[in-house]
Amino acid sequence: MRIATFNVNGVNGRLPVLLRWLAETEPDVVCLQELKAPQGGFPEAAIKAAGYAAVWHGQRSWNGVAILARGAEPIETRRGLPGDDDDIQSRYIEAAVKGILIGCLYLPNGNPAPGAKFDYKLRWFQRLVRHADALLAHGVPVALVGDFNVIPTELDVYKPERWLGDALFRPEVRDAFTRLVNRGWTDAVRELHPDERIYTFWDYLRNAWGRNAGLRLDHLLLSPKLAGRLKSAGVDAHVRGWEKASDHAPVWIEF
DNA sequence: ATGTCACAGCAACTGTGA
């Protein structure tokens, strides 16, 4: 069983990249972020033809999240985080797939910081922590998966000093991530590779991919039951080198 | 600041967010 997450940066603009990667790696469950497509603009037919059923929460221009399952129908359990009825951004969708509850999230970027966008990020994070607590309380196997827009530690960034003031790396955000994980979650990739420099994102600017100037932003957090079944984890970094690539690479775990 | 990408609105290019 393989679960993957991929910030596609435009599900229609990147459709050839997405389909090529799906055919190559055949993950069982896929969480997508940054669809950048309205609800009616999701390429459902092409994804179905690739063997995947999907639930998604679209939004025009920005955001948008989806959960894909190979040979199974994801049963949607929630769209949108609780705690703010005025938040209309499509950043969270949740579904049950093959006995696992999957929360697919796209945490706000938060730049520029400080400012209104950073405040929104911190509020969204607090809502996520509360909801994550509720999920753990159910006692079922849960994975919280997606683009957290958080560089957790200095090991997750090519040049830490350059990112100190950035909304991806500011102390408040790193603390929030650590607090979330410490409530009972396992950062799957870091658990299996405690000392490795691992990146999942390379900026389009300044030849970041060519210089391997990367960040680790995409994470898979596992509830205790699921963490005990973890066998392997990695990043499909080569996908970042393809034509018309997203600025993120897919990240995956295996049970 | 740098300088790359997708998408919206609109029909060439600028604005926005990342």
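Reminder, nothing fancy here: chain letters follow the sequence lines and each chain counts from 1. Basis for what follows: all heavy atoms, side chains included, without hydrogens, waters or symmetry-related copies.
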- Query: Taking atom types as modelled and ignoring hydrogens, do the side chains of A:Asp247 and A:Trp202 form a donor-acceptor contact shorter than 3.5 angstrom?
  - Reply: no
- Picking from B:dT16, B:dA6, B:dA8, which would you name as closest to the side chain of A:Asn9? B:dA6
- Query: Between A:Phe148 (CZ) and B:dA18 (P), how many Å, whole number?
  - Reply: 18 Å
- Item | Nucleotide B:dC5, atom P - distance to CZ of A:Arg240 in whole Å | 9 Å
- Starting at atom CG of A:Leu18, determine the distance to atom P of B:dA6, rounded to an integer number of angstrom. 15 Å
- Message: Nearest whole Å is fine: how far is B:dA18 P from A:Gln33 CD?
- Response: 14 Å
- To the nearest angstrom, the CG-P distance between A:Leu15 and B:dA6 comes to 13 Å
- Query: Do the ring planes of A:Phe148 and A:Phe177 sit parallel (below 30°), tilted (30 to 60°) or perpendicular (above 60°)?
  - Reply: perpendicular
- Item | Nearest-neighbour nucleotide for the A:Tyr204 side chain, B:dC7, B:dT4, B:dA18 considered | B:dT4
- Query: Would you call A:Arg127-A:Asp87 a salt bridge at under 4.0 Å N-O?
  - Reply: yes
- Which whole-number value in Å describes the distance from A:Lys36 NZ to B:dG15 C1'? 13 Å
- Message: Salt bridge or not between A:Lys231 and A:Glu254? Use side-chain N to carboxylate O under 4.0 Å.
- Response: no
- How far does the P atom of B:dA11 sit from the matching atom of B:dG15, given to the nearest Å? 15 Å
- Could A:Asp28 and A:Arg70 be called an ion pair, given the rule that one side-chain N must be under 4.0 Å from one carboxylate O? yes
- Item | Selected nucleotide, minimal atom distance to A:Arg162 side chain, candidates B:dT16, B:dC7, B:dA1 | B:dA1
- Below 4.0 angstrom from OP1 or OP2 of B:dA6, is there any side-chain N or O of A:Lys244? yes
- Sugar-phosphate only, base, or nothing, as touched by A:Tyr106 at under 4.0 Å among non-hydrogen atoms: sugar-phosphate
- Message: Side chain of A:Trp62, heavy atoms from C-beta onward: which of B:dC7, B:dT4, B:dT16 has the nearest atom to it?
- Response: B:dT16
- Value in whole Å for how far the C1' atom of B:dA6 lies from CG of A:Asn7: 12 Å
- Task: Round to a whole Å and report the spacing from CZ of A:Phe42 to P of B:dA6.
- Result: 18 Å
- Task: For B:dA1 versus B:dC13, give the span between their P atoms, rounded off to a whole number of Å.
- Result: 26 Å
- Closest to the 5' end of DNA chain B, once A:Asn63 and A:Pro38 are matched to their nearest nucleotides, is A:Pro38
- DNA chain B: A:Arg60 or A:Arg14, which has the more 5' nearest nucleotide? A:Arg14
- What's the closest nucleotide to the A:Arg91 side chain, out of B:dC7, B:dA18, B:dG3? B:dA18
- Can a side chain N or O of A:Lys117 be found less than 4.0 Å away from OP1 or OP2 on B:dG17? yes
